[in-house]
2 protein chains.
Amino acid sequence: MNRKARATLQDVAQLAGVSTATVSRALSRPDLVQEETLARVSDAIARLNYVPGGAARALASGKTLTIGAVVPTLDHAIFARAIQAMQTELAGNGYQLLVAAHDYAPAQEAAAVRAMLARGVDALMVVGADHLEETWALLTTASVPVVLSWSFDARLPAIGFDNEKAGRLIADHLLDLGHRRFGMISGFTHANDRARSRVAGVRAALAARGIELPSSCVVEAPFTLAGGRAGLAELMARATPPTAVVCGNDLLAAGALFEAQASGIAVPGALSVVGIDNLEIAAHLAPPLTTVHLPTTELGRTVARHLLARLRGEAQPQRVELPIELVIRRSATAPATSPALAREPS
Amino acid sequence: MNRKARATLQDVAQLAGVSTATVSRALSRPDLVQEETLARVSDAIARLNYVPGGAARALASGKTLTIGAVVPTLDHAIFARAIQAMQTELAGNGYQLLVAAHDYAPAQEAAAVRAMLARGVDALMVVGADHLEETWALLTTASVPVVLSWSFDARLPAIGFDNEKAGRLIADHLLDLGHRRFGMISGFTHANDRARSRVAGVRAALAARGIELPSSCVVEAPFTLAGGRAGLAELMARATPPTAVVCGNDLLAAGALFEAQASGIAVPGALSVVGIDNLEIAAHLAPPLTTVHLPTTELGRTVARHLLARLRGEAQPQRVELPIELVIRRSATAPATSPALAREPS
DNA sequence: GCGGCTTATGCAAGCGCTTACATGAAAGCT
DNA sequence: AGCTTTCATGTAAGCGCTTGCATAAGCCGC
């Protein structure tokens with residue numbers, strides 16, 4: 001309850017009868033100070049309830065022991081999980097995590113990056129490759145290590161996924177199952193290269209089999225269950241509804257599944273639904289969701305390690321692509337109505 | 001790409017032909033400097049690409065413009081959402097958010113609190129009232145505003161929910177429906193007073209109607225869907241399975257619902273299931289989940305505002321209890337088998 | 001027993017800002 | 001015109017720590 005000003009290094013030094021330099025060393029390089037002195041210092045520290053002041057420390061040493069992360073939102077399992085993993089890894093190495101979310105608003109992102117750089121972080125991670133010119137300038141001229149995550153860009157080291165491949169993987173699976181009429185529910189693609197890549201991947205896979213995915217068949221919805229439901233409803237209201245819909249992520253897919261269930265559309269009987277991300281819920285939905293697994297926890301951990309390594313002066317690869325993988329469950333099967341036999345005409 | 005050392009206030013002052021004090025003022029109290037000077041300074045700042053250094057600023061001014069939040073985990077929608085709200089509110093006021101997650105490990109929490117205090121935060125929020133003595137000492141003697149969230153404790157200002165009431169609300173509802181045989185799936189209660197309070201609330205409500213909830217009927221499971229599934233499976237394997245199970249939170253409830261569905265137990269026909277939290281998914285599950293709504297976004301926002309206000313020197317209430325509310329959906333009805341008529345014997 | 005080496009510690013110069021206080025110029029008053 | 005205010009700016013003293021360098025022991029071998 002004592003509210004007096006914090007004790008300073010000076011106070012400790014005085015109480016212990018040594019110089020401030022010694023106290024400082026006792027704190028950061030205990031191997032350099034004699035055992036007995038160390039004991040006296042520790043005692044003084046304990047007695048004064050001394051806690052070193054980060055600001056002074058940062059100013060004098062040039063390191064803040066803080067790493068920044070700028071993400072679109074924490075209110076999405078995918079980012080929350082990666083940040084959680086990152087934080088755990090950092091804390092284990094004596095670093096702290098400063099987070100900012102910008103809600104997919106590029107200007108807010110720029111502000112966040114600027115604020116972090118100003119505030120002082122020893123390293124920084126940002127999500128994706130869609131940034132304002134201003135943000136890019138800040139990022140590429142920053143005097144601290146910066147890393148991109150989730151996707152790639154030649155301008156900066158990056159640790160991410162091949163989002164386009166995720167789209168291709170899942171589309172190919174549907175194609176192999178015999179589907180020919182597709183719909184897609186994507187998250188908003190504005191300021192979101194991941195979402196755009198996934199759509200592009202799906203398009204590319206279909207195009208490779210001679211199928212076009214007109215933009216009228218891809219609806220953009222907010223990244224929520226409700227968004228997924230609305231998206232599916234819209235798609236199924238079309239004159240010729242799709243037999244398969246790929247969702248930009250599992251949240252949207254879960255929403256689509258709920259909507260199908262609510263409106264009596266049998267999945268996978270009458271409609272196949274697939275997602276991307278492989279959230280925990282995907283495995284538990286009815287039917288369990290076929291999706292593409294993205295190792296987001298590992299992403300967070302890898303980002304943290306990469307940054308930590310660079311801070312130690314170790315060179316790091318410019319690009320690390322984390323493996324993704326199709327996970328087949330039961331929400332997608334061959335289309336009921338269309339001639340599966342038409343597949344692979346020989 | 002220029003990697004030379006950052007420009008300092010000095011450099012700017014020199015370029016603009018003014019003193020460092022003036023530049024500093026131009027930055028923080030522009031109203032105090034003449035327009036023309038201001039222009040010259042801004043120009044110099046832009047030309048040098050100057051970004052003020054937070055460390056020096058913090059040291060000189062004693063404020064870090066950073067607020068810390070220590071939560072159990074970000075990998076749970078409930079915390080992620082509150083943190084997101086907090087961050088948004090803070091960013092809008094020029095503050096940044098430092099987060100740490102401790103995974104329900106008290107010692108890690110203590111370390112996190114200590115690290116934040118050392119690092120320098122202008123204010124701090126922690127979750128719940130279960131803390132190590134060490135942590136309490138840190139918290140109560142901190143020289144910066146601290147606030148508890150989610151639950152309450154007389155030792156510190158708090159903004160939270162009445163978790164016990166949440167338990168009572170939901171249990172009373174089930175009781176009113178006519179249930180007499182209960183089971184409960186709780187999250188781990190170790191280092192988690194919220195979970196304990198909820199169980200206690202349920203117990204109290206039942207006791208008030210003469211029903212005992214033996215600890216053999218409450219199973220503790222990890223806060224995941226899988227945990228909920230396992231919990232339900234365990235409960236239903238009992239000699240006399242419950243007709244209603246209340247889950248410590250919606251994630252567990254969703255898991256329980258999935259398990260019921262997978263094992264052919266009709267909900268709410270054969271079994272009523274309820275949760276607490278009111279996550280987005282609760283409304284979309286089949287059947288939609290009866291639960292208790294906790295305004296977590298508002299919690300985050302309120303915490304941020306409370307702290308901000310105290311930093312401005314405004315007095316704030318010692319205790320703010322956010323309203324919670326029963327939301328009745330379709331996962332709970334009168335028990336099929338038991339005599340609903342037995343209810344309220346007159 | 002003396003030069004030279006290794007330790008353990010102290011000295012003091014900053015790190016890059018903020019902010020009283022001082023200064024000087026312009027403006028207002030009588 | 002002389003005096004007080006007011007306003008814009010400069011001066012300089014820190015903020016609490018880190019760290020390169022200097023210093024002072026203690027130790028070795030010859």
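First the proteins, then the strands, lettered A, B, ... as listed; each starts at 1.
Against DNA chain D, the stretch residues 57-65 of chain B makes heavy-atom approaches under 4.0 Å through Leu59(B), Ala60(B). DNA chain C is contacted by Gln34(A), Thr37(A) of residues 34-47 of chain A, taking any non-hydrogen atom closer than 4.0 Å.
Judged purely by atom type and a 3.5 angstrom limit, Arg81(B) has no side-chain atom pairing as donor or acceptor with the backbone of His76(B). In this structure, Asp153(B) contributes its side chain and Arg155(B) its backbone to a donor-acceptor pair below 3.5 Å. Arg319(B) contributes no side-chain N or O that, together with a main-chain N or O of Ala154(B), makes up a donor-acceptor pair within less than 3.5 Å. With hydrogens and angles disregarded, a donor-acceptor distance shorter than 3.5 Å links the side chain of Gln96(A) to the backbone of Ala115(B). The closest donor-acceptor contact from the side chain of Arg301(A) to the backbone of Glu89(A) lies at 3.5 Å or more, if one exists at all.
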Report the C-alpha distance between Gln84(A) and Asp103(B) in whole Å, list the side-chain angles of each, state the deciding distance to 0.1 Å, and finish with yes or no for side-chain contact (heavy atoms from CB on, under 4.5 Å). CA-CA 10 Å; Gln84(A) 161 82 14; Asp103(B) 263 313; 3.4 Å; yes

What do the steps show when you test Tyr50(A) against Asp11(A) for side-chain contact (heavy atoms from CB on, under 4.5 Å), and what is the final call? CA-CA 9 Å; Tyr50(A) 169 74; Asp11(A) 303 332; over 6 Å; no

Where do Val41(A) and Val33(A) land on the side-chain contact (heavy atoms from CB on, under 4.5 Å) test, with the steps shown first? CA-CA 10 Å; Val41(A) 172; Val33(A) 6; 5.8 Å; no

Asp122(B) and Thr64(B): CA distance, side-chain angles, deciding distance, side-chain hydrogen bond (donor to acceptor under 3.5 Å, both in side chains) verdict: CA-CA 6 Å; Asp122(B) 290 346; Thr64(B) 60; 3.0 Å; yes

The test is side-chain contact (heavy atoms from CB on, under 4.5 Å); show your working for Leu74(B) and Gln87(A) and say whether it passes. CA-CA 10 Å; Leu74(B) 285 170; Gln87(A) 198 274 326; 5.5 Å; no

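Within the 4.5 Å cutoff, side-chain heavy atoms of Arg119(B) are placed close to those of Leu98(B). Looking only at side-chain heavy atoms (C-beta outward), Leu308(B) and Ile67(B) come within less than 4.5 Å of each other.
Within 4.0 Å (heavy atoms only), Val23(A) reaches no atom of the nucleic acid at all. Residue contacts shown for Thr8(A) are limited to sugar-phosphate atoms, with no base heavy atom under 4.0 Å away.
Counting all heavy atoms, side chain and backbone alike, Ala129(B) lies closest to Phe152(B) at CB-O, 3.6 Å.
Side-chain nitrogen and oxygen atoms of Ser24(A) include none within less than 4.0 Å of the OP1 or OP2 phosphate oxygen of dC17(D).
For the pair Asp31(B) CG and dA8(D) C1', the interatomic distance rounds to 12 Å; values are reported in whole Å.
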Can you give each donor-acceptor pair under 3.5 Å made by side-chain atoms of residues 12-23 of chain A, sequence neighbours left out, with the distance rounded to 0.1 Å?
{"unit_1": "Ser19(A)", "atom_1": "OG", "unit_2": "Ala21(A)", "atom_2": "N", "d": "3.4"}
{"unit_1": "Ser19(A)", "atom_1": "OG", "unit_2": "Thr22(A)", "atom_2": "N", "d": "3.3"}
{"unit_1": "Ser19(A)", "atom_1": "OG", "unit_2": "Thr22(A)", "atom_2": "OG1", "d": "3.3"}

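Taking every nucleotide of DNA chain C with any atom under 4.0 Å from a non-hydrogen atom of chain A, the first and last of them, 5' to 3', are dA8(C) to dG16(C).
Heavy-atom distances to DNA chain D give each of Tyr50(A) and Thr22(B) a nearest nucleotide, and the one nearer the 5′ end belongs to Thr22(B).
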Under a 4.0 Å heavy-atom criterion, the protein footprint on nucleotides 21-28 of chain D, written with B, S and -, is --------

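The bend of the helix from dG1(C)-dC30(D) to dT30(C)-dA1(D), defined by the angle between the axes of its first five and last five pairs, stands at 30° to the nearest 10°.
Of the options Val127(B), Leu124(B), Leu139(B), a side-chain contact (heavy atoms from CB on, under 4.5 Å) to Val70(B) is made by Leu124(B) and by none of the others.
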